[in-house]
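All heavy atoms count here, side chains included; hydrogens, waters and symmetry mates do not.
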Amino acid sequence: MALDTGTGTIPNPDGGGSAVVTAPIAKAVPTERVHHGDTFVDEYEWLRDKENPEVIAYLEAENAYTEARTAHLQPLREKIFDEIKARTQETDLSVPTRMGEYWYYSRSFEGKQYGVHCRCPIDADAEGIDAWTPPQLEVGTEIPGEQILLDSNEQAEGHDFFALGAFSLSHDGNLLAYSVDTAGDERYVLRFKDLRTGELLADEITGTAPGATWSLDGSHIFYQTVDESWRPDTVWRHHLGTATDADVQVFHEPDERYWVSIGATRSEKYLMIWVGSKITTEGWVLESDNPEGEFRVILPRREGVEYSAEHAVVGGEDRFLILHNDVVDGVKAENFVLADAPVAEPSNMTLLIGHRDDVRIEDIDCFADHLVLSYRREALTRVAVWPLTEAGYGERRELEFDLELFAVGSGANPEWEQPTLRIGLTSFITPLQVFDYVPATGQLLLRKEQPVLGGYDPNDYEQHRDWALAADGTRIPISLVWKKGIDTSTPKPLLLYGYGSYEASIDPSFSVSRLSMLDRGMMFAVAHVRGGGEMGRLWYENGKTLTKKNTFTDFVSCARHLIDTGVTSAEVMVGDGGSAGGLLMGAVANLAPELFAGILANVPFVDPLTSILDPSLPLTVIEWDEWGNPLADKDVYDYMKSYAPYENVVAADYPAILAVTSLNDTRVLYVEPAKWVAKLRATKTGDAPLLLKTEMSAGHGGVSGRYEKWKEVAFEYAWMLDIVGLADA
């Protein structure tokens, strides 16, 4: 087998036939890494120094090579972009959410990259349920009393990147705290606006984490800062109108395994600080009307025990509703249980909902007269409403939907006393539907369905749940969607997506851009592999640390199942994953390259061992609970080395690979895919194209602005369709 030279031909713009383009070759600078008696020679670690002009030159050369190798797809990219644009109602309004005396909503405008946050007053004469029926706002129609709170387009002006972090209103609705990131490094500038006058206050706080929480009287704001590893570790209290150097540190977490966050209960009675690692949590509470008081612990942290606490008033008494996974009756409640306890004595818990192996309780939301329980069963999200009565708890009712696959969740419900519950419903074929559920009557009122222009009909598409069998006999769910009418009697081009880390679940959801793929005859599937949370906590536990390889072999089992059942074939299947899902893609490319025509890896975590061995890198110590600590444990080191994509590249025929990354990403550093591609190019055999695309002014989420994101999607789809032979479909 000939060594891949990384060359290809493209049309010569001067009309002289085809021009040969050659891939950039990264120089090899051997660097030894020694741990537990093992020596690994890393030839591309020098690419880590992004202040080195040679590194930037190499990334730019890779970008130029990628553009040259995909130049023939420019017309298709433009066509897909136009399709996404044509299907999107660019000038639109969200469903208004009532808070205090206003309806809050966002606007989007044709030709503008970002949203505009607005509000209008409620109808002072409306009563009962009518006072909670959102106004029907129409595009192009003047909205009486409309006030623009923040125009993100104005905030983004003059910047290549923009992200909005905090957007927090004071309880009286007079003040807005908001923060912006214009570099992509997730460090924000926090500012304040007086909504009565439209003027910015003099207060400005730099280097904050995204959130902000007001005291009840609006005199103080609580915010977080991060340490050198980008870990939110400190909560500060700022007195509005005073110098920031007078801000008071109210909480600091020195343990590098823990993140810190702050928020308020829906009842507005308490402020809550939460401290959490991957496996342990601890909450602290303070009355909102006493912002200069001392926070007190709810339940002291215990290694391996996670919990949350929400304030409810049950039978006239203040209670904490506590979700936890501690031991109950001698058995650890892996899928969590729900208990209640007096606020003054949180450890005195009474069990409300016991443990079930087939149900993972995820959240409890508290309102003045009802509770909302969110959970998972059979790899699907569920929502139940639980009335509160004078005597305590009423009868729970699960909301039901006539769909084989769906995702449902509680939406924006900021008010403690409200007669409706905002929920969202979607599926692979159902554009997002926003409902108001009325607990008193059981009515489900459709407020809005995501508009899809161009005559979209969900009946033109099918979605289905299938199951693959892993090597150890575990059944792995697969979700599929395709356009009706394609000939499923023969293998079809298919995009197989996977993630499988952090107990994150990839639930069925609608995508306007995906229609451009489905309409060309390509199927889309999600492999719900272990390491995710679709099937409960043990699904996660059996895909992390020393069982992490299950994530990779599950994905391979799903791919083989789809091939063996005739759904697709190796010649027309593409694997797709980003971040930790990019680790999955890198591992699968090493494990079973013969099963895929292409691999798309976004901001891929493909050099995990190097990163997790370095506590000075952003977020590394926090990650030890997810992957293990290879510094302290030789077994973890050996195990991670056995699957790390970068360290297991071999001289084999890999599928076509497109790796996409961002220079300013603080979560998965650009150097990981850069090193991976450099090593692949020097090692792999065959002539399948290998491409690296680096966004030079973006962060972990990629480019900002909806039009730029559509262009990015169009670029990736065009590449993928070309790989499977559908570029001309």
Which residues pass the side chain to side chain contact (heavy atoms under 4.5 Å, CB included) test with [X], not counting sequence neighbours?
X	value
S94	Y105, S106
S108	D92, R706
E303	R257, Y258, I279, T280
D369	none

Not counting sequence neighbours, which residues clear salt bridge (charged side-chain N to carboxylate O under 4.0 Å, His left out) with [X]? List them please.
X	value
R187	none
D181	none
D363	none

Do I143 and R107 come within less than 4.5 Å of each other through their side chains, counting heavy atoms only? yes

Start with the C-alpha distance between Y104 and R119, add both sets of side-chain angles, then the distance that settles side chain to side chain donor-acceptor pair (under 3.5 Å), and finish with yes or no. CA-CA 4 Å; Y104 291 85; R119 71 181 180 186; 2.9 Å; yes

Sequence-distant partners of E256, side-chain hydrogen bond (donor to acceptor under 3.5 Å, both in side chains), two or more places apart: none

In chain order, what residues pass the side-chain hydrogen bond (donor to acceptor under 3.5 Å, both in side chains) check against H311, with sequence neighbours excluded? S267, D318

Considering residues at least two apart in sequence or located in another chain, which fulfil the ring-ring contact (aromatic ring centres under 6.0 Å, His included) criterion with F605? W627

By ring-ring contact (aromatic ring centres under 6.0 Å, His included), which residues pair with W103, not counting sequence neighbours? none

Not counting sequence neighbours, list each pair that qualifies as a salt bridge (charged side-chain N to carboxylate O under 4.0 Å, His left out) and has a residue in residues 407-425. R422-D436

Under 3.5 Å side-chain donor-acceptor pair for [X] and [Y]:
X	Y	answer
S611	D614	no
W624	E626	no
Y502	E623	yes
E534	Y540	no

Are R301 and E306 ion-paired here, with the side-chain N under 4.0 Å from a carboxylate O? no

Charged N to carboxylate O below 4.0 Å: is that the case for K711 and E708? yes

Report the relative orientation of the aromatic rings in H370 and F367; use parallel for angles under 30°, tilted for 30 to 60°, perpendicular for over 60°. parallel

On the 0 to 90° scale, with breaks at 30° and 60°, tag the Y307-W274 ring pair as parallel, tilted or perpendicular. perpendicular

Drop me the distance from S509's OG to L432's CG, to the nearest 0.5 angstrom. 9.5 Å

For F251 together with F295, are the ring centres under 6.0 Å from each other? no

Would you name the heavy atoms of T225 and G207 that are closest together and state the gap between them? CG2-O, 3.9 Å

